[in-house]
Amino acid sequence: MKDEDIRKELESWLDEHWSPDHSLVAWRSILVDAGWAATHWPTDFHGRGFTSQQAQLVQQVFANRNIVPAASSSPRGLAAETILAHGTDEQKARYLRPILTGEHAWCQLFSEPGSGSDLAGASTRAALRDGQWVINGQKVWNTSAHHADFGILLARTNFDLPKHQGLSYFLISMHQPGVEVRPLRQMNGHASFNEVFMTDAVVPAGDLLGGEGNGWAVAATTLSYERQSFRGSRRSAVNLDLPGRVYEEYAREQAIANEPYSWYPQREGRVDLVMSRARETGAIKDPAIRQEIARLLSMQQANGLTAAVAEAKRRSGSNEIVPSGSIGKLAASIIARQAAHVHTMIAGADAMAAGPDSAVDGMIAEVLLSVPAISIAGGTDEIQRNIIAERVLGMPKETRSDTGPFRDIKRNA
Amino acid sequence: MKDEDIRKELESWLDEHWSPDHSLVAWRSILVDAGWAATHWPTDFHGRGFTSQQAQLVQQVFANRNIVPAASSSPRGLAAETILAHGTDEQKARYLRPILTGEHAWCQLFSEPGSGSDLAGASTRAALRDGQWVINGQKVWNTSAHHADFGILLARTNFDLPKHQGLSYFLISMHQPGVEVRPLRQMNGHASFNEVFMTDAVVPAGDLLGGEGNGWAVAATTLSYERQSFRGSRRSAVNLDLPGRVYEEYAREQAIANEPYSWYPQREGRVDLVMSRARETGAIKDPAIRQEIARLLSMQQANGLTAAVAEAKRRSGSNEIVPSGSIGKLAASIIARQAAHVHTMIAGADAMAAGPDSAVDGMIAEVLLSVPAISIAGGTDEIQRNIIAERVLGMPKETRSDTGPFRDIKRNA
Amino acid sequence: MQLTLSEDQIDFQDMVARFLEASSPPTEVRRLMATESGYDPEVWRRLSSELGLTGIHIPETWGGSGFGPIELGIATEQMGRYLYCGPFFASSVMATYALLQMASDEAKTALLPGLAAGETLGCLVLDDLNDPVKVGSSLAADASGHLQGTAPLVVDANNADLMLVVARETGGLGLYLLDLLEIQDTPANGLRITPRQAIDETRKLCRVSFDHTPAVRIGDVTRQGLNRLWDHIIVALAHEMIGGAQRLFDSTIEYTRLRYQFGRPIGSFQGLKHRCADLLVQLEFARSVTFHAAACLDAGNEVAHEPAMAKAMASDLYMEVARTAIQLRGGIGFTWEDDTHLWFKRAKSAEVFMGSPHLHRERMMTMLEAIS
Amino acid sequence: MQLTLSEDQIDFQDMVARFLEASSPPTEVRRLMATESGYDPEVWRRLSSELGLTGIHIPETWGGSGFGPIELGIATEQMGRYLYCGPFFASSVMATYALLQMASDEAKTALLPGLAAGETLGCLVLDDLNDPVKVGSSLAADASGHLQGTAPLVVDANNADLMLVVARETGGLGLYLLDLLEIQDTPANGLRITPRQAIDETRKLCRVSFDHTPAVRIGDVTRQGLNRLWDHIIVALAHEMIGGAQRLFDSTIEYTRLRYQFGRPIGSFQGLKHRCADLLVQLEFARSVTFHAAACLDAGNEVAHEPAMAKAMASDLYMEVARTAIQLRGGIGFTWEDDTHLWFKRAKSAEVFMGSPHLHRERMMTMLEAIS
C-alpha cells in the first residue's frame with residue numbers, strides 16, 4: 001500500500017469518526033474496531049500489518065491533526081508487544097484490546113532486591129499447585145505498580161536448572177490479596193517506584209506466557225523493546241489543552257503516566273541551564289569554571305553528534321558496527337556527573353540550599369540529588385562498560401561463577 | 001653491646017687502618033677481615049651479628065668520616081642477602097666475600113618477556129643433565145647484566161607441578177658462551193636494562209640455591225629485600241671528589257652502578273621544577289594551570305606526609321594497619337602522571353622540542369618521555385591496585401585461572 | 001611537628017566515638033533532621049558538660065580545656081563520622097573561633113564561658129560563605145552600630161542565643177554582637193531569621209537579614225585575621241569530612257564483600273577493586289593533609305597554605321567516596337530508606353561550605369607564591 | 001550538515017589507507033625519522049601526483065581538486081594512523097591554507113599550482129604556536145618588507161622551498177613570502193634555519209630567525225582571518241590525532257586479547273575492560289566532534305567554536321589512548337623496539353601544537369559567549 005493511499009484513507013476515516021466529545025475509552029474502542037489503534041500489529045489482532053515506516057506515518061497524521069491515539073505508555077506497550085510475540089491466541093484475544101483502549105494499565109515485575117544488575121538471577125518462586133501458579137517473592141523498581149491492573153512477571157519455576165533456564169514469564173493480576181504494592185521513596189524526595197511483595201499470589205495456569213522455562217527468552221523480547229524506547233520522548237505529541245471530554249480524560253491519563261518521570265531531566269544534569277546560570281551568577285568569569293563548562297558542553301554536543309551519526313548510519317543500512325546503546329547510556333552518565341559538578345561550582349555555597357527559594361526554584365538542588373540515579377537505573381555504568389568491552393570491543397569474557405543448578409549459585413540471603 | 005662502645009671500637013679501628021691510598025679491593029678486604037664490612041651478618045660469615053640499628057650506626061660512622069664502605073649496590077646486595085638466608089655453607093663461603101669486596105658484580109634474572117606482571121609464571125627451563133643444570137630461556141629488565149659476573153636466576157625445573165612449585169633458584173655465571181646479554185633501549189633513549197638469552201647455559205649442581213622446587217620461596221626473600229630498598233636513596237653518602245686511589249676507584253664503581261638510574265628523577269615527574277618553570281614562563285598567571293599545579297603540589301605534599309605518618313607509626317610499633325608500599329607506589333605513579341600533565345601545560349608548544357636546547361636542558365622532554373615507566377616498573381599500577389584492594393581492604397579474590405600443572409596453564413607463546 | 005595522635009588523643013577520640021555511637025545512630029539522625037531545631041538538648045548537654053567538647057579548644061581562663069585545633073579536629077571528625085545533628089559547628093567552631101580570634105578581651109570574658117559550657121549557643125553571620133575576600137560586600141554597620149543587609153546562609157541561626165556578625169564599616173570590617181534574647185524586647189529591631197530548606201537536612205540553615213538592627217561592636221576584623229579565622233573553620237570542617245568519608249568508605253567496602261551478583265561477591269570484580277584502591281589513596285592523602293593542617297594551626301604558623309589544601313582535598317575526596325558509595329550499592333543506594341544519602345548530602349553541602357575546592361586551590365597557590 | 005562520509009569519500013579514504021599501508025609501515029617510519037629531511041621524495045611524488053593529496057582542498061583554478069576540509073581531514077586522519085613522515089602538514093595544510101585564506105590572488109596564482117602539484121614545498125612561520133592572539137609578538141616586518149625576529153618552532157622549514165611568514169607591521173599583521181631558492185643567492189640575507197631536536201622525530205622542527213631579511217608582502221592578515229586560518233589547521237590536526245588514536249586503540253585491544261598473564265588473557269580483567277570502554281566513549285566523542293568541525297568549516301560558518309572543541313577533545317583523547325597503550329603493554333610498551341612510543345610521541349607533540357587543550361577550551365568559551 002502506498003503512503004499516500006494510507007494517508008487518504010486515514011484522513012477520510014478521521015473526518016468521519018473523530019470527535020473530541022467521546023469518552024477516552026469510547027474513542028479508543030472505535031479506533032481499535034477500525035484497525036487504526038496499532039497498525040503495525042497483525043490483522044488478526046487489531047492491526048493492519050503495516051511496516052514500522054507506515055505505522056509512523058499513521059502516528060504522524062494523528063499528531064498533525066491533534067487526535068488522541070491508542071494507549072501506549074511504557075509498561076503497557078512492553079506487555080502488549082511481548083504478548084503479541086509469545087502469547088497464545090487466547091492470551092492475545094484477552095489482553096491486547098484493553099491495553100489499546102487504556103482500560104488496563106500494566107507494570108513490569110522483573111528486578112529484585114537481590115539481583116539488581118543480574119535480572120536472570122531472579123529468585124521469586126512460582127510453583128504449580130492445584131492447577132494454578134502460586135507466587136512468592138519480592139520485586140522492586142516497579143514504576144506505576146500502584147496504578148497497574150496487571151503485571152508482567154519474571155519468576156523461577158525450577159531451582160535445579162541453570163539460572164537462565166529455570167525462569168518463566170507470567171501475566172499476573174495486581175488486584176488480589178497476595179499482592180502488596182509499597183511506594184519506594186528516593187533520596188531526592190520523589191517516589192517514582194514501588195516495591196511489590198507477593199505472598200501466595202496466584203496466577204491461573206493459562207497466564208503463563210511462552211511456556212514453562214522459557215522466561216528468559218520471553219523477557220529478552222520485553223527488554224529489547226525497552227531499549228528501543230530508551231531514546232524516545234515520553235511526552236505526548238498531542239496538545240492536551242483543548243476542550244472536549246476525550247482531551248480531559250487523556251490529559252489525566254498522561255499526567256499519571258508522566259508523574260514518575262518528572263525528575264528525569266534533572267537526573268540528566270540539566271545541561272541546558274548551565275550557560276544562563278553561569279551568566280546570572282557571574283561564574284562565567286571564573287576561568288577554572290569555564291574550563292569545566294567547556295568540558296561539559298563538549299561532551300554534550302559530542303554525544304548528540306555521536307547519536308546522530310549512529311542513527312544516520314543505521315538508516316543508511318551501513319554494515320559498520322554502530323556503537324550500541326550502551327555507549328549512549330554510559331555517556332549520559334558521564335555528562336550528568338560533569339553537569340552536577342559544574343552546577344555545584346557555579347552555585348558555590350548557594351548549593352547548600354534546596355527548595356523553592358533556592359537556585360532555579362530548587363531545580364539545581366534537585367539536579368544535585370538526582371544525578372546519582374542515572375549511572376544506576378536501567379543497568380549500571382559497570383554493566384554498560386562490560387557490555388561495551390565484550391560486545392563492541394570483543395574483549396574476552398571472564399570465567400562465570402554462576403553456572404550449574406541455580407540453587408547452588410551463591411547469592412544474597 | 002652498647003652503641004657508644006661500638007662507635008669507640010670502630011673509630012679507633014678506622015684511625016688505625018683507614019687510608020685513601022689503598023686500592024678499592026685491598027681496602028675492602030681489610031674491612032671484611034676485620035668484620036666491619038657487613039656487621040649485621042652472622043659472625044661466621046664476615047659479620048658481627050649486629051641488630052639493624054647497630055648496623056646503621058656503623059654506616060653512619062663511615063658516612064661521617066667519609067670512608068668508603070663495602071660494596072652494596074642493589075643486585076649485589078639482593079644476591080648476598082638471599083645467599084645468606086638460603087645458601088649452604090659452601091655457597092656462602094664462596095660467594096659472599098667477593099660481593100663485599102666488590103670483586104664480583106651480580107644481576108637479577110627473574111622477569112621474562114612472557115610474564116611481566118606474573119614472576120611466578122617464569123618459563124625459562126632448567127634441566128639436570130650429566131650432573132649439571134642446563135638452562136634455556138630468556139630474561140628481561142636486567143639492570144647491569146652487562147657488567148655482572150654472576151646472576152641470581154629463577155627457572156623452572158618441573159613443568160608438571162603447579163606454577164609456584166616447579167621453580168628453582170640458581171646462581172649462574174654470566175661469563176659463559178650460553179649467556180648472551182643485549183642492551184634494551186627505552187623510548188626515552190636510555191638503555192638501562194638488558195635482555196639475557198640463555199642457550200644451553202650451564203650451572204654446576206652445587207649452585208642450585210635452597211633446593212630444587214623451592215625457587216619461589218627463595219625468590220620471595222630477594223623480593224622482600226628489594227621492596228625494602230625501594231624508598232632508599234641510591235646515591236652514595238660518601239663524597240667522591242677526594243684525592244686517593246680508593247676514592248677514584250670507588251667513584252668509577254659508583255658511576256657504573258648509578259648510570260642506569262640517571263633518568264629516575266625524571267620518571268617521577270620532577271615536581272621540584274614546577275614552580276620555577278611556572279614563574280619563568282609566566283604560566284603561573286594562568287588560572288587553569290594554577291588549578292593543576294595546586295592539585296599536583298597537594299598530592300606531592302600529601303604523599304610525603306602519608307609516608308611520614310606510616311613511618312612514625314611503624315617506629316612506634318602501632319598495631320594499626322599501615323598502608324603498605326603499594327599505596328606509595330601507586331601514589332608515585334599518580335603524581336608523576338600529573339607532573340607530566342602540568343609540565344606539558346606550562347611548556348605549551350615548547351614541549352614539542354627535546355634535547356639540550358629545549359626547556360631545562362632537555363630535562364622537561366625527558367620527563368614527558370619517562371613518566372610512562374613509573375606505572376609499570378616494579379609492578380604495574382593494576383597489580384598495586386589489586387594488592388591494595390585484596391590485602392589492605394580485604395576485598396575478595398577472583399577465582400584463579402592458573403592452578404594445576406604449569407604446562408596446562410594458558411600462557412604466551 | 002606532630003605526625004600522629006598521642007595516646008591521650010587516641011583515648012579522647014575513642015571516648016567521643018563511643019558517645020556518638022550511642023547517641024547518634026542513623027535512627028536518631030533521621031528523627032532529628034526532621035525537627036525544626038535539628039538537635040537533642042539532652043545529648044547537647046552531655047556532650048558539653050560530660051565530655052567537654054564545646055570548650056575543648058577554649059583556653060582555661062575562659063572556661064575551656066585549653067586544647068587546640070588537633071583536639072577540635074578529633075571531635076569534628078567523629079561528628080562527621082556519626083553525622084551528629086546539633087549546633088556544634090555553628091556555635092563551638094564558627095562562633096567560638098570568631099570570638100577567640102577577633103573579639104576584645106572584655107567580650108571574650110563575657111561570652112566564652114557560656115559557649116565553653118554549652119549553655120549559650122552562638123552562630124556566626126558571614127554575608128558570603130564562598131570566599132573570605134567577599135565578606136562584607138552586602139552587610140554593613142553604620143557608625144552607631146546598626147546593621148543593614150542580608151546573609152543568605154547562616155548555619156543554626158534558628159538555634160542561637162547570640163549572633164556574631166562580620167560587617168563592613170568605614171575603613172574596614174568589624175565584629176558585631178547581637179544578643180538574641182535581649183533584642184527580642186527591642187521593638188522594630190529589623191532582624192529577620194528565616195529558616196531555609198537545606199540539601200543536608202542534618203545541618204540547619206537560615207537566611208538572616210538586618211534592617212537598622214542595633215548591635216554592639218566587639219572587635220576589629222582585618223583581612224588577614226578573617227583569613228586566619230576562615231582557615232581555622234575549614235580545618236575543623238575538613239576533619240568532619242574525613243570522618244564522614246571514612247565511614248562511607250568502610251561501609252562500602254563491607255557491602256562489596258557481602259553483596260553477591262552473578263554468583264560472586266561484587267567486591268571480587270576488578271573494576272570495583274581498582275576504584276576502591278584509588279579511593280583509599282585519596283583518603284589517605286586527604287587524611288594526612290588535614291591532620292597536618294591542624295598541626296600547622298596548632299603550631300601557630302601565620303600564613304599557611306595547608307588549610308586551603310586540606311579543605312580542597314577533603315571536599316573532593318568526600319564527594320568521590322559518597323558518589324561511589326551510592327553507585328556500588330546500586331538502586332538501593334539511591335533510596336531514602338538506605339542511609340547512604342544522609343552522608344552524600346553532607347558531602348555535597350560541605351563541598352561548597354566555606355569555599356569550593358577550586359577556590360581553595362586558587363587560595364593555596366596565592367599563599368605558595370607569597371612564600372617563595 | 002553532513003553527518004557521515006559519502007560513498008565517494010569512503011572510497012577516497014580506502015585509497016589513501018591502502019597507499020600508506022604499503023608506503024608507510026613502521027619500518028619506513030623508523031628509517032625516515034632518523035634522516036635529516038625525514039621523508040621519502042618518491043613517496044611524496046606519488047602521494048602528490050598519483051593520489052593528488054597535496055591539492056585535494058585547493059580550488060581547480062589553482063591546480064587542485066576543489067574539495068574541502070572534510071576530504072583534507074580524511075587524508076590527514078590516515079596520515080596520523082600510519083604516522084606518515086613527510087612535509088604534508090607543513091606544506092599542504094599550514095602553508096597552503098595560509099595562502100588560500102590570506103594571500104592576494106596574484107600570489108595564489110603564482111604559488112598554489114606548485115603546492116597543489118607537490119612540486120614546491122612550503123612552510124608557515126608563526127612566531128607563536130600556542131595562541132593566535134600571541135602571533136606577531138616577536139616577529140616584525142619593516143616598511144620595506146624586511147623581517148626581524150625569531151620563530152622558535154617551525155615545522156619542516158628544513159624541507160621548504162618557500163616560506164610564508166606572518167609578521168607584525170605598522171597597524172597589524174601581514175603575510176610575507178620568502179623564496180628560499182632565490183634568497184640563497186642574496187648575500188647576508190640574515191636568514192637562519194636551525195634544525196631542532198623534537199620529541200616526535202617523525203615531524204621535523206626548526207628554529208627560524210630573521211635579521212633584516214628581505215621578503216615580499218603578499219597579503220593582509222586580520223586577527224579574525226588568523227583565527228580562521230588557525231581553526232582550519234587545527235581541524236586537520238584533530239583528524240590526524242583521531243587517526244593515530246584509533247590505530248593505537250585498535251592495536252591495544254588486540255594486544256589485550258592475545259596477551260596472557262595469570263593463565264588468562266589480560267583483556268578478560270575487568271579493570272582493563274572498564275578502562276577501554278571509557279576510552280571508546282571518548283574516542284567516539286572526539287571523532288564525531290572532529291568530523292563535525294570539518295563539516296562546519298566546509299559549510300563556511302564564520303566563527304564557530306567547533307574547531308577549538310575538536311582540537312581540545314582530540315588532544316586529550318590521543319594522550320589518554322597513548323598512555324593506556326603503553327601501560328597495558330607493560331614494560332615492552334616502554335621499549336624503543338616496540339612501535340607504541342612512535343605514536344605516543346606524536347600524541348604528546350600534537351597535544352601542544354597550535355594550542356594546548358585548556359587554551360582551546362578557553363577559546364571555545366569565548367566564542368560560545370559571543371554567540372548567545
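- Ranked by heavy-atom pairs shorter than 4.5 Å toward chain A, the options D:V289, D:I266, D:D250 are led by D:V289.
- Chain D forms the most heavy-atom pairs under 4.5 Å with one residue out of A:L297, A:I334, A:L330, A:N386, and that residue is A:N386.
- Using a 4.5 Å cut-off between heavy atoms, D:T366 touches chain A through backbone and side chain atoms alike.
- Both the backbone and the side chain of D:M365 come within less than 4.5 Å of a heavy atom in chain A.
- Residue D:Q282 does not touch chain A at all, counting heavy-atom pairs closer than 4.5 Å.
- Here D:D278 is the residue among D:V281, D:I253, D:T256, D:D278 with the most heavy-atom pairs under 4.5 Å with chain A.
- Looking at A:D381, there are no atoms closer than 4.5 Å to chain D (heavy atoms on both sides), in backbone or side chain.
- The parts of A:L393 that come within reach of chain D are both its backbone and its side chain, each placing non-hydrogen atoms under 4.5 angstrom from that chain.
- Of the atoms belonging to D:F249, it is side-chain heavy atoms, and not backbone ones, that fall under 4.5 Å from chain A.
- At a threshold of 4.0 Å, the pair A:E112-A:R411 does not count as salt-bridged, since none of the basic side-chain nitrogens sits closer than that to a carboxylate oxygen.
- Interface remark: of the candidates A:E398, A:Q291, A:K397, A:Q291 forms the most heavy-atom pairs closer than 4.5 Å to chain D.
- Of all non-hydrogen atoms in A:I289 and A:M345, the two that sit nearest each other are CD1-O, 3.6 Å.
- One finds a salt bridge joining A:D118 and A:K163 here, because a Lys/Arg side-chain nitrogen approaches an Asp/Glu carboxylate oxygen to under 4.0 Å.
- For a residue to count as touching a neighbouring chain, one of its non-hydrogen atoms must lie under 4.5 Å from one of that chain's; by this rule D:H360 does not touch chain A.
- A salt bridge does not link D:R247 with D:D339: every distance from a Lys NZ or Arg NE/NH1/NH2 to an Asp or Glu carboxylate oxygen is 4.0 Å or more.
- Proximity to chain D (any heavy atom under 4.5 Å) is shown, for A:E382, by both the backbone and the side chain.
- Counting all heavy atoms, side chain and backbone alike, A:S298 lies closest to D:M313 at CB-SD, 3.7 Å.
- Listed options A:A278, A:A294, A:P396, A:A308 were ranked by heavy-atom pairs under 4.5 angstrom with chain D; first place goes to A:P396.
- Salt bridge status for D:R18 with D:E21: absent, with no side-chain N to carboxylate O gap under 4.0 Å.
- In this structure the side chain of D:H358 never reaches within 4.5 angstrom of the side chain of D:E362, judged on heavy atoms.
- With salt bridges taken as basic N to acidic carboxylate O contacts below 4.0 Å, none links A:E366 and A:R270.
- Other residues, nucleotides and ligands contribute more than 12 heavy atoms inside 6.0 Å of the CD atom of A:E280.
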